[in-house]
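Here is the structure we will look at, set down as structure tokens.
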Amino acid sequence: MATYDPASFEKKWQQYWAENKLYETQNQSDKPKFYVLDMFPYPSGAGLHVGHPLGYIASDIYARYKRLRGFNVLHPMGYDAFGLPAEQYAIQTGQHPAVTTLENIRRYREQLDKIGFSFDWDREVQTCDPEYYKWTQWIFLKLFNSWYNPVNKRAESIDTLIRQFEERGYEGNDDWALTGGFEVELPAFRAEEWNAFTDPQKNEILLNFRLAYLSDTYVNWCPALGTVLANEEVKDGVSERGGHPVERKKMKQWSLRITAYSERLLDGLDRIDWSESIKDTQRNWIGKSEGCALEFAIDGHEAKIEVFTTRPDTLFGVTFLTLAPEHSLVSEITPPERRSVVNAYIDKAKNRTERERMSDVKHISGEFTGAYAIHPFSGKKVPIWVGDYVLAGYGTGAVMAVPGHDSRDHAFAKHFGLEILQVVQGEEPGDILEASYDAKTGTLINSDFLNGLDVKPAIKKMIAAIEEKGIGKGKTNYRLRDAIFGRQRYWGEPIPIAYQDGLPEALDENELPLRLPDIDKFLPTEDGEPPLARAKDWKYETTTMPGWAGSSWYFLRYMDPKNRERFASEEALNYWQNVDLYVGGSEHATGHLLYARFWMKFLYDLGLVPVDEPFKKLINQGMIQGYSAVVNKLPLLEKYTLYISAELAAEWRKTDRIPEFLGKELERHGVSEVSVNHLIEERIDIKLVRGEQELDVEGFRNSFHFEKNGEFIQSGKNFLVAREVEKMSKRWYNVVNPDDICEDYGADTLRLYEMFLGPLEMSKPWNTNGIEGVYRFLGKFWKLFMDEQEQLKVRDEAPEKAELKVLHKAIKKVKEDIEGFSFNTSVSTFMITCNELHNLNGSKRALLEPLLILLAPFAPHISEELWHRLGHEDSVHNQVFPEYNEEYLVENSFNYPISINGKHRTNIELPLDMEADGAQPLVLANDIVQKWMEGKPLRKFIFVKGRIVNIVV
RNA sequence: GCUCGGGUGGCGGAACAGGUAGACGCGCGGGACUUAAAAUCCCGUUUCCCUAAAGGAAGUACGGGUUCGAUUCCCGUCUCGAGCACCA
């Protein structure tokens, strides 16, 4: 056999690379460093599918390219090994999650190895390894022992805060120098008072400032999973994993004070090379809004209501205030005669789950408290209401309602018949009683000293007036919430906290790692305690860290993975700095990617890392979707289950009328009175489909999908299935396994094909329609080197100019493509180059050797094989990426045929000293021709790609 | 509702800064080799008109604009996808 046979050499080279430690990376080098990282996988029981390697292949190409370009490349891989699925599995089967996790890791490794990645496996990390999570816990302790100093704008040791308390005390929530604007439920105290406090009292106070803290907060509680979830783990009121309903519940919880970093997380985005869309998602999530906080006095009460608004200019349009049902002042200000009504409303609102509240956005509800606030400028009395459209968790939990210029306030006012005032005049007249005017443009009216001003200057003037009056000040609010850090779960990092008199006490660093204890059952205890409460003599925190803890710093551990003294040595950190290229899915935009940035900034503040952004450049690869196969069946009959071919089912659904042919068939089976609603779609294994739609009927009959009383109805020669693009998942039977592709076509074809599918960042369905083309290309490429008799046919002749042009074109294109992450078009370039060399009979060493190096990042196995067949001892992956020479690329153009107005033809002699080569007709526009005809000289020739495309007269 | 990103042949998709639209691959059609098939190789393949050949017209979701020239830039409309969403 004289053909390309990947099975005969791919494994050989994979072993060769491993044995020779080809990809081992040193922490020092004369070469410049480059760090290429993939998001490490969670090792699930299902194994890898073809979607996983997409990003890994892209990053591998880039890493190999950088290596060929003379960089010292760090390209590691590991496993995000703590997590829910392993624990769910443990609950069902009793198998310890550590066992199944290690088993899954073994399987992942086996699959990864088949694809020929250039990972340095000596640096592998697993987040569930005590030697690793020791340092996750260590970072947690650092967070616990730190606070955010808003004056210095960075995290500092909690000791600096204690010193301030000792010297100055605390002035309450106005003490911006200590809180930086975040709310602390803590009364003021003087320095003497502080010094007189007992240690537990001091500790309790300090918890309000620590970056890792314990507090009573509303959490997303998922009863089905038995744990709390972070905001980004909840989608539309149900859990992201499993889709179980989620409730709001007040619980004592560990949280991380990520909100302290809001501004810096926002700022940092301007300095990193990420896609605009993902930066936008993060900006959105942080949700900065600038406005002003101000107080309303309450008629007959000492207390004041603080509100936050982005529209202080509309203050004269305030006709009522609305408090969230959870607002602490509600019960205080409600007079006795209104109490029962208001309390009933509050109870109702509280008992609604988050989901109900969200799905019920349009329904307006609220109650008048019976109390009145005093408008700070007009002195008018305005009623105070409670309404669940106001969120307790944002701003102050109270709003000044401006129904004239806020659609939500407007809806509320209209529903309850409250006054609506217009204070901003827009360009187009509209009835303010019908719809609010929300735009931030226009002229102020009915607003005393603001009258005549535009909105923006009015905002400024009003803030100044408010500050002068001493009732409030300009303020920035963020949507970002602190990150809840405890999970009522077993399979996670234990939180290194012990309890003393109910107060948390941090472990000492040298007590780490706090190892996860063995327990007999993985369920929560009978009285609802987390599983860790089952462990004997466990005097520590019983919740564990969330899945994102270990992944928030793993990129640092790769730099120095075996260090037992430190999370990574200073030398390693200073050498590698941060990740130059990070490749992974965009679904982590508001989770992992935000938390990792937060931790990096925190570590930077403590002087533990040299830079404060973890990932310089980020590429988001798209998802590879499954291409499910769907059969239509009519199962309502006792006698038969009728399978209806896709073309008939489609017509039926479209027209809602039974197609004639199908009607006859149904009649023949004694079926009447069926509607299209009886038609059921069932997904079947995609292996039962041949080509695009044809069902392998025999295979289907033998599969478990088939109903024993099934009969087929089809109008054509074949029974057709419908196809559906959706997530690749076991439950849809649409998973394609990379091992199978490697088996059939080899790893190089898999790699090239995944790149060839389309732009890296785009999501696309997996289908194997084009894979033959890529495989054929490799076969053709092989034939440039080997003849029919399996003999090397490469000649040592000097290449022709035309051949050099082909080569250098390819070098230039591939280099540009890799640097721009357009791997799909570089595959095309290889195909074109291969064809052109065949046509030129260019099997010459001087052409093919550079070409092999060029191809090596994409198809490492075939390149290595042919490189050795050319007589080299060394690996092709140790070579230098070839440079292109512009000289060979110049296009010569001369003596163009020109068609004027697309009609007449003439030849124009151009004042260029070039040889004629591939002359093209040039179409000139009318007016140019006219000027030319009038005898004006031709002034300028416009060249594009060495070709004249226009002439300026 | 707000923000962002898309819409190009039968299909996946090219076109780097405005400059020969449809590269490359799949599919399809035709041919060569073969007793035959597979494999391989060659030719054709946006649509329409005309044709023996040559040629011509339209064409990148739709409608306008800027330009000698627009898939590319600007305005408006439709549409698909993603993120956020009673955030005051």
Side-chain angles (χ1 to χ4, degrees), chain A residues 3 235-236 275-285 287-289 291 307-311 314 322 324 357-358 360-364 387-391 393-402 405-409 411-412 438 477-481 586-587 589-590 620 622 691-692 752-753 756-759 761-765 767-777 779-780 783 788 812-813 816-817 819-820 822 824-835 838 902-903 920-931 942-945 947-953:
Chain A
T3 47
K235 292 263 144 74
D236 299 324
S275 73
E276 256 335 288
S277 75
I278 211 138
K279 285 191 196 179
D280 238 69
T281 306
Q282 288 207 349
R283 284 193 192 106
N284 227 321
W285 187 258
K288 179 177 181 170
S289 66
V307 301
F308 174 76
T309 178
T310 56
R311 294 295 302 275
T314 62
T322 315
R357 214 154 143 170
M358 272 198 285
D360 199 18
V361 165
K362 279 169 206 91
H363 183 251
I364 295 160
D388 70 357
Y389 81 97
V390 177
L391 303 174
Y394 183 80
T396 60
V399 301
M400 56 176 235
V402 186
H405 305 285
D406 182 286
S407 47
R408 294 152 306 178
D409 296 340
F412 194 82
D438 293 13
N477 246 329
Y478 300 90
R479 205 186 67 95
L480 186 68
R481 304 283 76 161
S586 56
E587 66 272 20
T590 55
N620 299 114
E692 184 67 17
L752 286 176
Y753 184 58
F756 188 63
L757 268 175
E761 316 213 359
M762 201 189 274
S763 287
K764 54 235 158 188
N767 73 59
T768 46
N769 287 348
I771 200 163
E772 295 282 348
V774 171
Y775 184 71
R776 272 199 276 270
F777 153 68
K780 275 188 219 168
K783 282 187 192 164
E788 303 286 314
K812 183 165 194 252
K813 185 73 168 59
E816 287 170 357
D817 280 348
E819 282 169 5
S822 308
N824 53 334
T825 51
S826 23
V827 179
S828 294
T829 305
F830 283 120
M831 291 173 172
I832 295 167
T833 307
C834 179
N835 282 338
H838 268 295
K903 294 265 194 286
Q920 296 281 325
L922 177 68
V923 183
L924 293 183
N926 285 340
D927 65 322
I928 290 199
V929 174
Q930 202 161 2
K931 283 179 191 164
I942 297 170
F943 289 86
V944 174
K945 299 181 194 167
R947 208 170 264 146
I948 296 171
V949 295
N950 200 7
I951 297 170
V952 178
V953 184

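None of these values were measured; they are calculated from a predicted model. Sequence lines set the chain letters: A, B, ... in the order given, protein chains first and strands last, and positions in each chain run from 1.
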Scan nucleotides 23-32 of chain B against the protein and return all N/O pairs shorter than 3.5 Å with their distances rounded to 0.1 Å.
{"from": "B/C26", "atom 1": "OP1", "to": "A/R776", "atom 2": "NE", "distance (Å)": "3.1"}
{"from": "B/C26", "atom 1": "OP1", "to": "A/R776", "atom 2": "NH2", "distance (Å)": "2.7"}
{"from": "B/C26", "atom 1": "O2'", "to": "A/N769", "atom 2": "O", "distance (Å)": "3.1"}

Q: Say whether, by atom type as modelled, one donor and one acceptor occur between the side chain of A/Q282 and the main chain of A/T590 under 3.5 angstrom.
A: no
Picking from B/U40, B/G83, B/C16, the nucleotide nearest the side-chain atoms of A/T281 would be B/G83
Taken in chain and number order and not counting sequence neighbours, the residues that satisfy side chain to side chain donor-acceptor pair (under 3.5 Å) with A/R479 are none
- request: May I ask you to decide if the ring planes of A/Y389 and A/F412 are parallel, tilted or perpendicular, using 30° and 60° as cut-offs?
  value: tilted
Check whether any side-chain N or O of A/H838 sits under 3.5 Å from a backbone N or O of A/K780 as a donor-acceptor pair, and report yes or no. yes
**Asked** Between B/A88 and A/Y389, is there an OP1 or OP2 to side-chain N/O distance shorter than 4.0 Å?
**Response** no
Worksheet item: Should A/K813 and A/T825 count as side-chain neighbours, where that means a heavy-atom distance under 4.5 Å?
Response: yes
Classified by glycosidic angle (syn within 90° of 0, else anti), B/G9 comes out syn
Whole-Å distance, A/H405 NE2 to B/C86 P, equals 23 Å
Side-chain contact check for A/V390: nearest option of B/G13, B/A88, B/C4 is B/A88
Assign A/P765 to base, sugar-phosphate, or nothing according to its heavy-atom contacts below 4.0 angstrom with the strands shown. nothing
Rounded to whole Å, NZ of A/K764 lies from P of B/C80 at a distance of 23 Å
The nucleotide from B/C4, B/A85, B/A88 with an atom nearest the side chain of A/V399 is B/A88
Annotated structure of RNA chain B as dot-bracket, pair cut-off 3.5 Å, Watson-Crick or G-U only, | for inter-strand, is (((((((..(((......[....)))((((((.......))))))((((.....))))..(((((..]....))))))))))))....
Quick note, A/N284 side chain, CB onward, closest among B/G83, B/G13, B/A88 is B/G83
Separation of B/G83 atom P from A/E276 atom CD, nearest Å, is 18 Å
Practice problem: Go through A/S289 and A/N477 one step at a time and tell me if the side-chain hydrogen bond (donor to acceptor under 3.5 Å, both in side chains) criterion holds. | Solution: CA-CA 5 Å; A/S289 66; A/N477 246 329; 5.5 Å; no
- Query: Just by distance, do the side chain of A/N824 and the backbone of A/L757 share a donor-acceptor pair under 3.5 Å?
  - Reply: no
Exercise for review: Please work out if A/M400 contacts a base, only the sugar-phosphate, or nothing of the nucleic acid, heavy-atom cut-off 4.0 Å.
Suggested key: nothing
**Item:** A/K764 side chain vs A/P759 backbone, donor-acceptor pair below 3.5 Å
**Value:** yes
Between A/E816 and A/D406, whichever has its closest RNA chain B nucleotide further toward 5' is A/E816
When A/N767 and A/G395 are each assigned the nearest nucleotide of RNA chain B, the 5'-most assignment goes to A/N767
To the nearest angstrom, the CG-P distance between A/D280 and B/G81 comes to 20 Å
Taken to the nearest 0.5 Å, the spacing of A/L391 CG from A/T396 OG1 works out to 11.5 Å
Separation of B/A14 atom P from A/L757 atom CG, nearest Å, is 11 Å
task = Could you tell me whether the side chain of A/M831 reaches within less than 4.5 Å of the side chain of A/R776, counting heavy atoms only?
result = no
